[in-house]
Amino acid sequence: MAPALQNMNHRAQHILRQLIDTYLTTGEPVGSRTISRLLETSLSPATIRNIMSDLEEAGLLFAPHTSAGRLPTAQGLRFFVDTLLERRELTRDEQAAIENHCSPQGNAPQILDQATRALSGLSSCAGFVLAPAVSAAIKHLEFVPLGIGRALMILVDADDQVENRVIDLPVGIHASALTQATNYLFARSQGKSLSEVRETVATEIMAGKSELDEVSSRVVTAGLAAWGEGHNQLIVRGQAHLLDDVRAVQDIERIRKLFALLEQQETVLRLLEMAQGAQGVQIFIGSEHEFFSGTGCSMVITGLGGKGSGIAGALGVIGPTRLNYGRIVPLVDYTAAVVGKLLG
C-alpha cells in the first residue's frame, strides 16, 4: 500500500467510505453536497471537495466528466474492500433461504445447482459453482431405461454420493443392451475411480477385448462420456442479472465477452486456481485478474474443500464492480459453509 494511503486520516476515510457506499447504491457520480447531507459530522461542501481532490490525487477517485461528482477507481474500490468495508451479518431469514434451497435430500449435483440458484437470487448477480470432478471409488452403477431413445446412468460412489446423467441411446436399442452395458461396467468399476474405469474401458474397446456387441459398446461409451473427462464442472445460474447494469453498447460487448469466457474449460481451471490462492472469501475487482480483464465485472469467490486436503471446487458470484460487497461476501461465505456441510 502506498504511503499516501497508509497515512490517510480518519476524516478522509470516512468521506471515501460514504462516497463509495453511495456509488454502490446508485451507480452515479457522487458530489460533495450529497456527501455533506449524508455525513453525521458537520463538514462543509468546500471542505469535502478539498478532501475529494486529495483522494483523486492519490488515485482513489476520478471525475468521469466535467460534473462535480466523483467515482471510485479500481484502486479506490480495492482500498475500500480491504480497509473500509463493513461486512454485515446475514439475517436469519437470509440464512434460512440458503438452507431451504440446499435440500439435504438431494444428491451432490442437485445440492450444487440449488446453491447456485440461491446465490443468484439473493445477490441479484450471476451465481456459480465449480463442482468437484468425480474422483471417489465407484460402489455401484447401472443404466435405467427412460423411454424411447433415452436412459439414466446412475452412479454411487464409496461415500454413498449418488449422481446421475441422462444419455441418448441408439435407435431401436433393446433392454438387453442396457443390461449388458451395466454388467460390463459394474465388473470393471469396483474400487476404481471413474477416470480409472474410463481408461480400462477405452483400452479394452480399442484392443477388441471388451466382449461387448456394437450397440452395448456405444451405450458404455455414451455413459462414460456423460461425465466428461474428469474435469470440474462449472454451473452458472442467473446470467441475465449481468445485463441489469448495462448502460451502453460497450457494456453489452463486455458482457458478451464474459459469457464466452464462462463457456470455456480454461475458465474452470483458472477459477480453481483463484480459489486455491488463499483461505476464505476472495474478491477480484474489474481487471485485477488478467483472465477477466475487459469484462467490467467483479467476482466474489471461495473454495469448496474435498474429501482430503486442499480445494476441490469453488463457489461465488459475478456481477458489476459496484457490488454490495458488504452483503455478498457473507452470502458467499455462508452458502459455502452450508454446501460443505451437506456434501460432508
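It should be emphasised that the depicted structure is a prediction, and the values quoted were computed from it without experimental measurement.
- Taking a 6.0 Å sphere around CZ of Arg87, one finds it holds more than 12 heavy atoms contributed by other residues, nucleotides or ligands.
- Of the charged side-chain nitrogens involved, at least one lies within less than 4.0 Å of a carboxylate oxygen, so that Glu204 and Arg188 count as a salt-bridged pair.
- The side-chain hydrogen bond (donor to acceptor under 3.5 Å, both in side chains) analysis of residues 170-182, with sequence neighbours excluded, yields the pairs Gln180-Ser216.
- The two residues Tyr325 and Ser298 come nearest to each other via the heavy atoms OH-OG, 2.9 Å.
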Show your reasoning for whether salt bridge (Lys or Arg N to Asp or Glu O under 4.0 Å) applies to Asp82 and Arg78.
-> CA-CA 6 Å; Asp82 290 345; Arg78 171 51 60 189; 3.0 Å; yes
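- Taking the side chain as every heavy atom from C-beta outward, Glu28 and Tyr23 never approach each other to under 4.5 Å.
- Checked for salt-bridge contact, Glu94 and Arg88 meet the test: a charged N lies under 4.0 Å from a carboxylate O.
- No donor-acceptor distance shorter than 3.5 angstrom exists from the side chain of Ser217 to the backbone of Asp213, with no hydrogens or angles considered.
- Hydrophobic clustering of Ile, Leu, Val, Met, Phe, Trp and Tyr side chains at less than 4.5 Å, counting indirect connections, keeps Phe186 apart from Leu155.
- No donor-acceptor distance shorter than 3.5 angstrom exists from the side chain of Ser120 to the backbone of Thr116, with no hydrogens or angles considered.
- Between Asp113 and Arg237 the shortest heavy-atom distance is OD1-NH2, 2.8 Å.
- Taking every heavy atom of both residues into account, Leu43 and Ser36 meet most closely at O-OG, 3.2 Å.
- Contact of the Ile98 side chain with the Tyr334 side chain is registered, since non-hydrogen atoms from C-beta on lie closer than 4.5 Å.
- Two residues are said to be in side-chain contact when any heavy atoms from C-beta on lie closer than 4.5 Å; Ser193 and Ile138 fail this criterion.
- In the displayed structure, Glu199 atom CD is contacted under 6.0 Å by at most 12 heavy atoms of other residues, nucleotides or ligands.
- When only modelled atom types and interatomic distance are considered, Gln95 and Arg92 share a side-chain donor-acceptor pair under 3.5 Å.
- Pairing each heavy atom of Gly319 with each of Leu242, the nearest pair is CA-CD2, 3.7 Å.
- Taking each heavy atom of Leu169 and Arg150 in turn, the nearest pair found is CD1-O, 3.4 Å.
- Leu315 places a side-chain heavy atom less than 4.5 Å from the side chain of Leu119.
- Applying side-chain contact (heavy atoms from CB on, under 4.5 Å) to Ile51 and the options Ile15, Leu19, Leu16, Ile35 leaves one that passes, Ile15.
- Listed here is the closest heavy atom pair of Cys125 and Ile318: CB-O, 3.3 Å.
- With 3.5 Å as the limit, one finds no donor-acceptor pair spanning the side chains of His241 and Gln239.
- Although no hydrogens or angles enter the test, the distance criterion places no donor-acceptor pair under 3.5 Å between the side chain of Thr83 and the main chain of Phe80.
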